[in-house]
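Before any comments, here is the structure.
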Amino acid sequence: MKKCVVVSDSFKGTLSSLEICRIASETVPHIFPRCQVLTIPVADGGEGTVACFMEAAGAVPVTVSVSGPYGESVQAVYAKIGGKAVVEMACAAGLPMVGERKNPEVTTTYGVGQVIRHAVESGCSEVLLGLGGSCTNDGGCGCAAALGVKFYDRTGREFVPVGQTLDQIGRMDLSETKRLLEHVKITAMCDVENPLFGPRGAACVFAPQKGADPAMIRRLDGQLQSLDASWKRELGLSLAEYPGAGAAGGMGAGCVAFLNAGLKSGIEAVLDLVEFDRCLEGADLVITGEGRIDGQSVQGKVISGVAKRTALQGIPLIAIVGGIADGAQSAYELGVTAMFGIDREAVAFDQYAHKCAENYRDTLSDILRLIRAFQR
């Protein structure tokens with residue numbers, strides 16, 4: 001084997017993409033001393049995306065002071081690659097930032113808009129925005145306000161809407177934002193297709209993990225309906241059923257309505273930015289993975305994005321994962337050659353979580369030894 005490409009997502013809570021790449025870069029040469037190992041740490045738009053770009057694409061970190069979920073000052077980091085910026089929504093509106101103070105009725109995405117504004121005013125003409133891991137349900141109104149959108153209630157008072165006040169919007173003015181973003185392309189990385197509201201919408205599906213009880217969920221769902229009504233009235237568009245509208249508390253829809261953004265599969269956007277197709281040239285094997293492979297893994301996750309591209313070039317693809325669950329077999333239809341779980345003792349996850357790095361290394365080593373035996 002002359003060239004092996006490793007492009008893996010993290011195993012959430014146990015192994016980061018960077019750690020997996022480091023293990024692979026150390027392990028492969030032990031079995032194939034002359035093999036070129038190309039490692040590409042990736043994420044699909046959620047937490048860790050910026051760190052992956054800094055490693056995989058040589059991006060420069062930029063730190064900026066912005067407003068956090070409750071208006072407090074926080075230090076946010078985005079990645080800059082020439083005239084492109086990679087921003088995680090979670091850097092200023094992430095769920096871990098609120099700890100036990102979860103309340104999607106009052107948290108805001110304002111800081112996310114401040115990060116984007118800093119990137120644009122620093123010369124970036126393209127922004128890649130990851131929508132994962134938010135603690136908000138404001139439909140992206142806070143982000144829009146930081147980028148110049150003016151919201152007025154029915155008395156003419158200007159305000160910044162949050163999850164519980166979307167129904168107070170009487171008028172909105174996007175003129176400043178349009179000028180600011182006139183020559184800027186914004187792509188939101190989104191891996192869900194949920195509508196804005198309803199049983200599969202932002203509030204019903206995602207708000208519970210953000211601290212919403214059933215009563216709050218009903219209120220938030222109604223607020224998002226009001227926001228869509230405002231878009232119809234003010235902008236002449238409805239995003240209620242737009243695929244991905246419900247991502248990140250309605251931020252998916254907000255990006256389209258306020259920022260003229262496109263929604264794109266996170267892994268597809270990431271692979272394009274790191275020029276993955278070029279990285280595959282001359283590769284004999286590609287190794288990918290994520291914490292768990294199941295039926296969802298074929299719907300826009302890292303493994304599916306990688307598989308579609310390796311299949312086009314006829315390159316074998318092995319998935320090394322934390323666990324294999326129901327529906328995983330469908331990955332073979334996408335182009336995965338084989339999949340292996342790192343549970344080497346057939347025990348519950350909490351009993352081997354502390355050994356994930358060791359188990360990953362040993363599993364990878366066994367696979368490579370088998371390949372070497374067949375090549376001989």
Side-chain angles (χ1 to χ4, degrees), residues 9 12 42-47 49 87-90 93 95 104 109 112 128-141 143 163 166 186-210 212 217 220-225 227-228 231-232 235 237-273 290-309 325-328 330-331 333-336:
D9 199 353
K12 193 171 184 180
V42 295
D44 57 10
E47 191 174 358
T49 301
V87 178
E88 290 177 18
M89 182 180 178
L95 192 57
T109 56
V112 182
L128 198 59
L129 174 64
L131 298 186
S134 81
C135 64
T136 53
N137 206 90
D138 70 353
C141 288
C143 174
L166 300 177
I186 296 180
T187 301
M189 294 184 280
C190 172
D191 288 324
V192 301
E193 296 188 348
N194 301 70
L196 184 60
F197 52 81
R200 294 182 53 251
C204 292
V205 175
F206 304 114
Q209 69 193 41
K210 303 175 185 183
I217 290 169
L220 289 170
D221 192 62
Q223 291 288 335
L224 290 172
Q225 292 183 47
L227 177 59
D228 190 56
W231 285 331
K232 289 179 184 177
L235 307 179
L237 61 101
S238 172
L239 296 168
E241 298 299 323
Y242 194 96
M251 183 75 164
C255 286
V256 176
F258 298 125
L259 314 182
N260 195 31
L263 301 188
K264 188 174 183 178
S265 161
I267 186 56
E268 293 296 339
V270 168
L271 294 177
D272 283 345
L273 196 58
E290 57 190 44
R292 171 188 169 99
I293 186 169
D294 54 24
Q296 294 295 314
S297 300
V298 302
Q299 299 179 22
K301 299 296 185 181
V302 168
I303 289 177
S304 67
V306 173
K308 290 174 184 176
R309 301 196 182 206
D326 292 343
S330 55
E333 299 173 10
L334 288 181
V336 174

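The structure presented is a predicted model; accordingly, all values stated were derived computationally and were not measured.
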Task: With sequence neighbours excluded, residues passing side chain to side chain donor-acceptor pair (under 3.5 Å) with N137 - done: none
- [ ] For this output row, return yes or no: ring centroids of W231 and F258 closer than 6.0 angstrom.
- [x] yes
Task: Ionic contact status for R309 with D272, cut-off 4.0 Å - done: yes
- [ ] Determine, stepwise, if the pair M251 / V112 fulfils side-chain contact (heavy atoms from CB on, under 4.5 Å).
- [x] CA-CA 11 Å; M251 183 75 164; V112 182; 4.0 Å; yes
TODO: Identify which one of L129, L263, I267, L128 satisfies the side-chain contact (heavy atoms from CB on, under 4.5 Å) criterion when paired with M189.
DONE: L128
- [ ] Output yes when a side-chain donor or acceptor of K210 lies under 3.5 Å from a complementary backbone atom of T136, and no otherwise.
- [x] yes
TODO: Evaluate whether atom CD of E241 has more than 12 neighbouring non-hydrogen atoms of other residues, nucleotides or ligands under 6.0 angstrom away.
DONE: no
- [ ] Could you give me the CA-CA distance, side-chain angles and deciding distance for T109 and M89, then say whether side-chain contact (heavy atoms from CB on, under 4.5 Å) is met?
- [x] CA-CA 8 Å; T109 56; M89 182 180 178; 3.5 Å; yes
Only distances under 3.5 Å count here; give the side-chain donor-acceptor pairs of residues 192-208 to other protein atoms, sequence neighbours excluded, each with its distance to 0.1 Å.
unit_1, atom_1, unit_2, atom_2, d
N194, ND2, R200, O, 2.8

- [ ] Would you please test V336 and I303 for side-chain contact (heavy atoms from CB on, under 4.5 Å) and show each step?
- [x] CA-CA 8 Å; V336 174; I303 289 177; 3.8 Å; yes
Open item on the list: What's the separation between atom SG in C190 and atom CG in L131, rounded to the nearest 0.5 Å?
Closed with: 6.0 Å
TODO: Could you pull out the closest heavy-atom pair between A188 and C255, with the gap in Å?
DONE: CB-SG, 4.1 Å
Task: Spacing of I293 atom CD1 and S304 atom OG [to the nearest 0.5 Å] - done: 9.5 Å
- [ ] Find the distance between CD (E268) and CG (L271) and round it off to the nearest 0.5 Å.
- [x] 6.0 Å
Task: Atom of A212, atom of I217 and distance for their closest heavy-atom approach - done: CB-CG1, 3.8 Å
Task: Beyond-backbone contact of C141 with L227, side-chain heavy atoms, under 4.5 angstrom - done: yes
